[in-house]
Protein chains: 2
Amino acid sequence: MDEFRETELKKRISESTIRRLSLYHRALEIVEENGSETVSSKELAKIEKLTPAQVRKDLSFFGSFGTRGLGYPVKDLKAKIARILGIDRVWNIALVGVGNIGSALVSYKEFARQGFKIVKLFDNDQRKIGSNHKGIVVSDIKNIVSELSGSEIEMVVVCVPGSVAQFVVNDIVKAGLRAILNFAPVNLKVPDDVFVRNENMAMELEYLSYALVNNHSKNRVK
Amino acid sequence: MDEFRETELKKRISESTIRRLSLYHRALEIVEENGSETVSSKELAKIEKLTPAQVRKDLSFFGSFGTRGLGYPVKDLKAKIARILGIDRVWNIALVGVGNIGSALVSYKEFARQGFKIVKLFDNDQRKIGSNHKGIVVSDIKNIVSELSGSEIEMVVVCVPGSVAQFVVNDIVKAGLRAILNFAPVNLKVPDDVFVRNENMAMELEYLSYALVNNHSKNRVK
DNA sequence: CCTATTTTGTGAAGGCTTTCACATAGATAA
DNA sequence: TTATCTATGTGAAAGCCTTCACAAAATAGG
Ligand SMILES: NC(=O)c1ccc[n+]([C@@H]2O[C@H](COP(=O)([O-])OP(=O)(O)OC[C@H]3O[C@@H](n4cnc5c(N)ncnc54)[C@H](O)[C@@H]3O)[C@@H](O)[C@H]2O)c1
Ligand SMILES: NC(=O)c1ccc[n+]([C@@H]2O[C@H](COP(=O)([O-])OP(=O)(O)OC[C@H]3O[C@@H](n4cnc5c(N)ncnc54)[C@H](O)[C@@H]3O)[C@@H](O)[C@H]2O)c1
């Protein structure tokens, strides 16, 4: 039953392919709501502004999910992508730094619906420790290693200031966790077997700035 | 004086190069704080976990900024990258949807320090319209087209629910704006000359999920 | 001034990703 | 059953990006 696990495949799957799988999954939710039983690579591509060939190629790395002349079965493909991404289960998550952005994430119910459950909060502010956020009591950051070690938590969202993010991450690694979503604008140093994804909003604004200044339009006249 | 504007260069600059320029800029701030006058491609690469060759290649698209045997002048290179990215000025920004994530962004002072000034807020909730957030009175979304048209605002951050994001964006485009940072988990349809960057946190969590499930470690044993 | 050392800038090579294009297989209809 | 149509799956080609490797340029030290 492990036919989609990458470790058993010859080819390395690229990061962009995995990111697009997320998009296909999202697109399939839309198609499913519309009540369609099947969907073509062309339709999926249109929803996420990609090419049909890209969609087919990406999916083909993991198997033959479609039917020629018909397309892909919506429910089935969605389940298969969920399985590939590992989102056919619940992930328990801890969040460190219950400030502006941390609070916003805790209040966001959609994550839980998608199987990403924030179940533990940490902070170092005495006014916050012990207080209740959306049913979760904020723990003292001092205890993070012992509270995460051997717990059911496998991912951590880091929402602390950049100046302390590396220290917090060192503790997360010490506790044996291997997946970190980082909002602090710093490059975190972690061992090779720990996965870090960065959310860098300033970088996106800077990209927009560059695009405007350089008039990067696709149909600009020279 | 426009020697770094892409429209005047032969080569197309890749998206990844521009994103890395943001990283170099951030790294240069660290180096500058350390008091160094010059910095090598090796040092810059180390800070952002890239290769020295990548750093040199990226910079070489825009000119020869370094001195052989010595490295790059920190202050000067930082200014040059800022100019390339268009962040050697202030950008006035509007934010639509003053909810969980929108409020967090408004409260984030670092953006203003970097030249990204949120100067206008919009919402459709009567309880929020007219209220004051960090010194800005929330405007009614009904007036967005007229209030943005011809204003000093050139970028918009979209923090509304996915179900209404496209409608809000249609108005932003109608008002003549061409740069959007979108937090809603939908693929926005815009004309070719409008730039959209998406912040998709669920996608990053899904990538972490995939990495954990597939044990994607760089030094894993087969 | 000369030599050793450092580090840039850059063609070329290599590697990776996307797009192309079509054989293939199943659907649909008569 | 046969013909027609549709859309997949996939090698091959094209395109793009990163890494290599080294000449060139400048420093530093004697
Ligand atoms: N707020 C935004 O819109 C935004 C945007 C982009 C990036 N970021 C980044 O996200 C991070 C958080 O930003 P924010 O605006 O929420 O800041 P914030 O100051 O509101 O929140 C930070 C929280 O971390 C806690 N904290 C500080 N040191 C800690 C420690 N050692 N251990 C545990 N908790 C600690 C603080 O008590 C606070 O609750 C920062 O790195 C910031 O640069 C924020
Ligand atoms: N909060 C998070 O952590 C988080 C994480 C990932 C993605 N997102 C996305 O960000 C967006 C905002 O999320 P949130 O948690 O802040 O939601 P929220 O409900 O707290 O805020 C949404 C705001 O938009 C306003 N709004 C609704 N319709 C509007 C309209 N037509 N015009 C103007 N304003 C309107 C609401 O009044 C509200 O103030 C959503 O698309 C969500 O999917 C949020």
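Labels below follow one simple rule: chain letters A, B, ... track the order of the sequence lines, proteins then strands, and each chain is numbered from 1. Values below: every heavy atom of this structure, side chains too, minus hydrogens, waters and symmetry copies.
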Item to check | Nucleotide of D:dT10, D:dA21, C:dT17 approaching A:Ser16 most closely (side-chain heavy atoms) | outcome: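 My answer, after comparing the listed nucleotides, is C:dT17.
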Mind calculating the distance between [atom1] ([X]) and [atom2] ([N]) to the nearest angstrom?
{"X": "B:Ile18", "N": "D:dC17", "atom1": "CD1", "atom2": "C1'", "result": "14 Å"}
{"X": "B:Glu15", "N": "D:dC17", "atom1": "CD", "atom2": "C1'", "result": "13 Å"}
{"X": "A:Arg56", "N": "C:dC22", "atom1": "CZ", "atom2": "P", "result": "14 Å"}
{"X": "B:Arg19", "N": "D:dC17", "atom1": "CZ", "atom2": "C1'", "result": "15 Å"}
{"X": "A:Arg12", "N": "C:dC16", "atom1": "CZ", "atom2": "P", "result": "8 Å"}
{"X": "B:Lys57", "N": "D:dA21", "atom1": "NZ", "atom2": "C1'", "result": "12 Å"}
{"X": "A:Tyr72", "N": "D:dG9", "atom1": "OH", "atom2": "P", "result": "4 Å"}
{"X": "B:Phe62", "N": "C:dG9", "atom1": "CZ", "atom2": "C1'", "result": "15 Å"}

Checklist entry - With distance as the sole criterion, is a donor-acceptor pair present between the side chains of B:Tyr24 and B:Asp58 under 3.5 Å? => result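 Yes, because at least one side-chain N or O of B:Tyr24 sits under 3.5 Å from a partner of the opposite role on B:Asp58.
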Checklist entry - When all nucleic acid strands are considered with a 4.0 Å heavy-atom cut-off, which category describes B:Thr17: base, sugar-phosphate, or nothing? => result nothing
Next on the checklist: I want to confirm an ordering. Mapping B:Gly71 and A:Gln54 to their closest nucleotides on DNA chain C, which one lands closer to the 5' end?
Outcome noted: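 It is B:Gly71, whose closest nucleotide lies nearer the 5' terminus.
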Checklist entry - Quick one, which residues of residues 25-33 of chain A touch DNA chain C with a heavy atom under 4.0 Å? => result none
Protein-nucleotides 23-30 of chain C N/O pairs under 3.5 Å:
residue: C:dT24; atom: O2; partner: A:Arg68; partner atom: NH1; Å: 2.4

Next on the checklist: Salt bridge or not between A:Arg89 and A:Glu154? Use side-chain N to carboxylate O under 4.0 Å.
Outcome noted: yes
Checklist entry - Quick one: is C:dC16 close enough that its OP1 or OP2 comes under 4.0 Å of any side-chain N or O from A:Ser14? => result no
